[in-house]
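Letters go in sequence order (proteins before strands), and every chain restarts at 1.
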2 protein chains.
Amino acid sequence: MQNIITNAMTVYPQVARVVVAVDCIIFGFDGRQVKLLLIHRGFEPEKGRWSLMGGFVRGEEGLDIAAARVLKELTGLEGVYMKQLSTFGEPRRDPVERTVSVVYFALIDINQYAAPLSDRFRAEWFTLKKIPPLIFDHREMVTQALVRLRQDAETQPVLFELLPAKFTMPQLQSLYEGVFSRKFDKRNFSRKVLASGLIVRTKAKEKSGSRKGAFLFRLNKSRRTLRPVFEHIAN
Amino acid sequence: MQNIITNAMTVYPQVARVVVAVDCIIFGFDGRQVKLLLIHRGFEPEKGRWSLMGGFVRGEEGLDIAAARVLKELTGLEGVYMKQLSTFGEPRRDPVERTVSVVYFALIDINQYAAPLSDRFRAEWFTLKKIPPLIFDHREMVTQALVRLRQDAETQPVLFELLPAKFTMPQLQSLYEGVFSRKFDKRNFSRKVLASGLIVRTKAKEKSGSRKGAFLFRLNKSRRTLRPVFEHIAN
DNA sequence: TCAAAAGTGTTACCTCTACACCCATGG
DNA sequence: CCATGGGTGTAGAGGTAACACTTTTGA
């Protein structure tokens, strides 16, 4: 087994080299529920079980690039919101060979491309309450991603990545309720979101889904954070 | 150059293997200022410049374990608060050979062991405003760590890791002021911290540092978070 | 006795939460 | 005409921020 050294670099002697992979946690929102995209493994190890979408990092590829490539292979999507979560490296987490996995999570609007999916890979969306058993330490990765998603959603408008360009207030509220697993009061919710200045009401209405129709909103591009900074212990 | 495979595992064919390292960002507090521990490199590459303390991950070693080992090699400390920050893996970040570095940050009370330092390595504490140029992408690592430290400090009582078991209110306030780079009103600050129930006043006073003396406080072990959870968009 | 740091209370404002009814429309 | 989901306002409570003076004691 020859180690792959890609050019004439000198090397560190006596140092173990390991396989580095990326795994992608893909969250989606379909207008009603927050979901997680999983693939049904058609290969060993753990053939036939569910897992995150992953792949090995190539020789000349940075980690972010590798994650974007893996996401594209599965969903066909590019330019998606994607963030590094953390790295898993227990020596025996992958039974085949020691593999250090850098985990990313992505947020996408499910409806925008329900189509591109499922071809090369058997991929399915699962609601957060019905996640099947996952291989290796993937379940722990998902748990961490959810914690992080909530943290981020508290301070930054990340959840808008999961929505189409125009969305209704009830959709936005369902999204927040899904991510935080709790209900919000719709009057307080809409007042608070509007007060943030992040979204703007358009004149159009979405008429499917209710007889009355719901106003469509869009992001106000000039705003980037929900609050300047929040300090728990502060003046 | 033989790849090191530690046992009879089968392997993934055709996959690049790379060196995995850990780098430790060590924040400390001396009762007045928040500081960062750096080492003066006595070896190539970048000999003579400043860097974070790092080391390669060994064959049978998990990432957290590797980081703890590296921290111990430098400071002699064990059982310290340590958390994974993120992973850096640009192909040419290390000119010697491709190296993926998993970054950890640790929080310690400087006074507790000013001694154990500086022997094997030339290590020095730098205030956050006087960080020298660092090698590779270490400066970016530090920047990210500071952002994360602030985020964490907003929701969790992590900063207490930087303090001795007993500390004064002015010390605590300097710590928060150092981390957030701003001043707080001492009346509001102490009221707020005390209202959190996180700390308890003892009868003892710290008499050095002021003529009047300042009450010593200690952590109230039963409390774990500053607030249950905070939602920006919530009910 | 005075310089230096520690300690303490009140008020105005703003934000958060709880809560219930009317509106528009398609069937 | 009625069932369904969408939209809105108000009042009470709680938290935040601004603000200045007194205490202690070592030198």
* Structure fact -> 5'-most contact on DNA chain D (nearest-nucleotide basis), A:L194 vs A:G209, goes to A:G209

* Among C:dT17, C:dG7, D:dG26, the nucleotide that comes nearest once only the side chain of B:P170 is considered -> C:dG7

* To do: Would you confirm whether A:D185, through its side chain, and A:N188, through its main-chain N or O, come within 3.5 Å as a donor-acceptor pair?
  => yes

* **Donor-acceptor pair present, A:K212 side chain and D:dG7 base, under 3.5 Å** => no

* To do: Send over the distance from A:D185 CG to D:dG5 P, rounded to a whole Å.
  => 18 Å

* Look at the side chain of B:R187 and the base of D:dT16, then say whether one donor and one acceptor between them are separated by less than 3.5 Å. => no

* Side-chain N,O (B:R201) to OP1/OP2 (C:dT8) below 4.0 Å -> yes

* Residue mapping more 5' on DNA chain D - nearest nucleotide basis, A:T168 or A:R191 -> A:T168

* Going by modelled atom types, is there a donor-acceptor pair between the base of C:dG27 and the side chain of A:R211 at under 3.5 Å? -> no

* A:L162 vs A:D109, side chain to side chain contact (heavy atoms under 4.5 Å, CB included): CA-CA, chis, key distance, verdict -> CA-CA 4 Å; A:L162 290 151; A:D109 168 17; 5.9 Å; no

* Check: A:S86/A:Q144 side-chain N/O donor and acceptor closer than 3.5 Å -> yes

* To do: Could you tell me whether the side chain of A:Q171 and the main chain of A:T168 form a donor-acceptor pair under 3.5 Å?
  => yes

